[in-house]
Enquirer: 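One structure follows; several queries about it will come next.
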Amino acid sequence: MRTPLVVANWKMNTTVNDGVALAKELRAELGTVKGVEKVLCPPFVSLVPISEVLNGSSIKLGAQNIHFEESGAYTGEISPLMLKGLCRFVIIGHSERRIYFNESLEVINKKIKAALKAELKPILCVGENHKEEEAGESVGTITGQLRSALDGVREIGNLTIAYEPVWAIGTGKAAAPREVNSTANIIRRVIESVYGDDFEDRVRVIYGGSVTVDNIRDFMHEEHIDGAIVGGASLRASDFTAIVKKTAEIKAGK
Ligand code: PGA
């Protein structure tokens with residue numbers, strides 16, 4: 001069985017003080033919610049203070065990015081070794097990084113390898129943009145991104161794939177749950193074709209793109225969607241709490 005996973009991607013929002021306050025509220029609300037793995041991904045500067053807030057709670061910490069080298073002359077970058085021990089998860093290949101920071105397929109592949117080497121759990125983001133969707137190229141794009149990110153990766157550990165159609169991120173236009181379900185199934189088959197079917201129960205496929213309190217149920221009722229990555233709505237404690245609780249309820253079959 002795959003444990004559902006809900007990830008809060010705060011992006012470049014919250015000061016350290018705001019982040020600590022938000023994490024405290026979430027700890028109080030979500031610390032005892034069972035049946036779902038909860039991960040907060042604050043900005044780098046807040047990782048240390050928030051790790052103290054979350055110490056001893058069931059909420060885990062993740063980073064939003066990583067560099068692929070362990071150390072060296074890379075001004076402004078954060079290495080896997082710096083994150084190891086501080087957080088368990090790391091988001092890799094988010095479309096905002098691909099678009100605004102020119103992250104290539106090759107760089108994403110290196111980051112996946114570096115994260116796994118440091119025993120961090122990668123949350124690999126894949127998804128088509130509007131043009132690719134219009135042209136009917138969604139599956140081809142996603143499969144290409146997946147294969148290239150995992151090229152030469154022999155052991156995928158506890159990899160999570162986040163399917164995030166670019167056109168659905170921050171737009172209020174979430175994808176249709178049915179379609180996400182079939183895409184999630186395709187993603188699982190690609191993984192299976194490379195790594196064999198014992199990954200069926202290990203690799204989680206989650207959805208991201210305008211997830212809200214109102215639409216989370218529809219996504220979680222779908223068999224192949226194992227959770228969500230939440231941007232905008234994760235900045236409001238009450239919304240994120242409700243999203244996590246609904247996920248836990250639905251996946252537990254209540
Ligand atoms: P959104 O962002 O929920 O604000 O659409 C999701 C994401 O980019 O991870």
Side-chain angles (χ1 to χ4, degrees), residues 4-14 18-19 22 26 30 36-44 46-47 59-66 87-103 108 111-112 115 120-130 132-133 138 141-142 145-146 149 159-177 179-180 183-184 187 204-220 222 225-247:
L5 170 69
V6 181
V7 181
N9 177 11
W10 292 357
K11 309 192 179 184
M12 198 175 72
N13 295 294
T14 68
D18 294 343
L22 184 52
L26 292 172
L30 293 175
V36 54
E37 206 167 8
K38 304 144 290 227
V39 179
L40 306 186
C41 299
F44 280 130
S46 299
L47 283 172
I59 304 174
K60 291 166 190 149
L61 205 51
Q64 297 174 18
N65 183 28
I66 194 177
C87 50
R88 312 239 189 120
F89 290 82
V90 58
I91 299 174
I92 293 178
H94 192 282
S95 60
E96 285 151 15
R97 298 224 46 98
R98 295 182 196 249
I99 297 165
Y100 304 126
F101 302 95
N102 301 318
E103 268 188 25
I108 291 164
K111 290 186 174 193
I112 292 282
L120 294 162
K121 298 178 183 178
I123 300 168
L124 168 64
C125 302
V126 296
E128 79 284 2
N129 63 27
H130 185 57
E132 290 155 344
E133 201 230 351
S138 304
T141 303
I142 295 159
Q145 289 173 349
L146 264 180
L159 179 78
T160 296
I161 313 287
Y163 170 47
E164 298 203 287
V166 179
W167 49 270
I169 297 176
T171 57
K173 284 190 229 140
E179 303 213 343
V180 174
T183 305
I187 290 173
R204 289 179 284 197
V205 182
I206 63 177
Y207 168 74
S210 298
V211 168
T212 63
V213 181
D214 298 322
N215 64 22
I216 186 68
R217 281 184 179 279
D218 299 334
F219 288 107
M220 291 311 110
E222 299 291 344
I225 311 176
D226 301 320
I229 173 161
V230 188
S234 74
L235 295 166
R236 294 180 293 274
S238 58
D239 283 24
F240 190 66
T241 299
I243 289 170
V244 170
K245 287 185 176 167
K246 286 181 183 185
T247 299

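All values reported here derive from a predicted model rather than from experimental measurement. Indexing begins at 1, ligand by ligand and atom by atom, following the structure's order.
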Enquirer: Would you say Gly231 and ligand 1 have an N/O pair spaced under 3.5 Å apart?
Expert: yes
Enquirer: Just go through Ser234, Ala8, Gly232 and tell me whose heavy atom is the nearest to atom 4 (O) of ligand 1.
Expert: Gly232
Enquirer: Indicate yes or no for a side-chain donor-acceptor contact from Asn215 to the backbone of Ser210 under 3.5 Å, with no hydrogens or angles considered.
Expert: yes
Enquirer: Could you tell me whether the side chain of Thr247 reaches within less than 4.5 Å of the side chain of Phe219, counting heavy atoms only?
Expert: no
Enquirer: Any side-chain heavy atom of Asn65 sitting closer than 4.5 Å to one from Phe101?
Expert: no
Enquirer: Polar contacts were defined as any N/O atom of the residue lying under 3.5 Å from an N/O atom of the ligand; does this apply to Ser210 and ligand 1?
Expert: yes
Enquirer: If we set the cut-off at 4.0 Å for heavy atoms, which region of Ile169 has an atom near ligand 1: side chain, backbone, both, or neither?
Expert: both
Enquirer: Can you check whether Lys11 has an N/O within less than 3.5 Å of an N/O in ligand 1?
Expert: yes
Enquirer: Is the shortest side-chain heavy-atom distance between Val205 and Thr183 below 4.5 Å?
Expert: no
Enquirer: When you look at CZ of Arg88, are more than 12 heavy atoms from neighbouring residues, nucleotides or ligands closer to it than 6.0 Å?
Expert: no
Enquirer: Between Asn9 (side chain only) and Gly231 (backbone N and O only), is there a donor and an acceptor less than 3.5 Å apart?
Expert: no
Enquirer: Considering only heavy atoms of Gly170, which atoms of ligand 1 have at least one such atom less than 4.0 Å away?
Expert: 1 (P), 4 (O), 5 (O)
Enquirer: Kindly indicate whether the side chain of Val211, heavy atoms from C-beta on, has any atom under 4.5 Å from the side chain of Ser234.
Expert: no
Enquirer: Can you tell me which residue and heavy atom of the protein come closest to atom 7 (C) of ligand 1, and the distance to 0.1 Å?
Expert: Glu164 OE2, 2.9 Å
Enquirer: Counting each atom of ligand 1 from 1 as listed, which ones have a heavy atom of Asn9 under 4.0 Å away?
Expert: 9 (O)
Enquirer: If you measure from each heavy atom of Gly208 to ligand 1, is any distance below 4.0 Å?
Expert: no
Enquirer: Within ligand 1, which atoms have a heavy atom of Gly209 less than 4.0 Å away?
Expert: 5 (O)
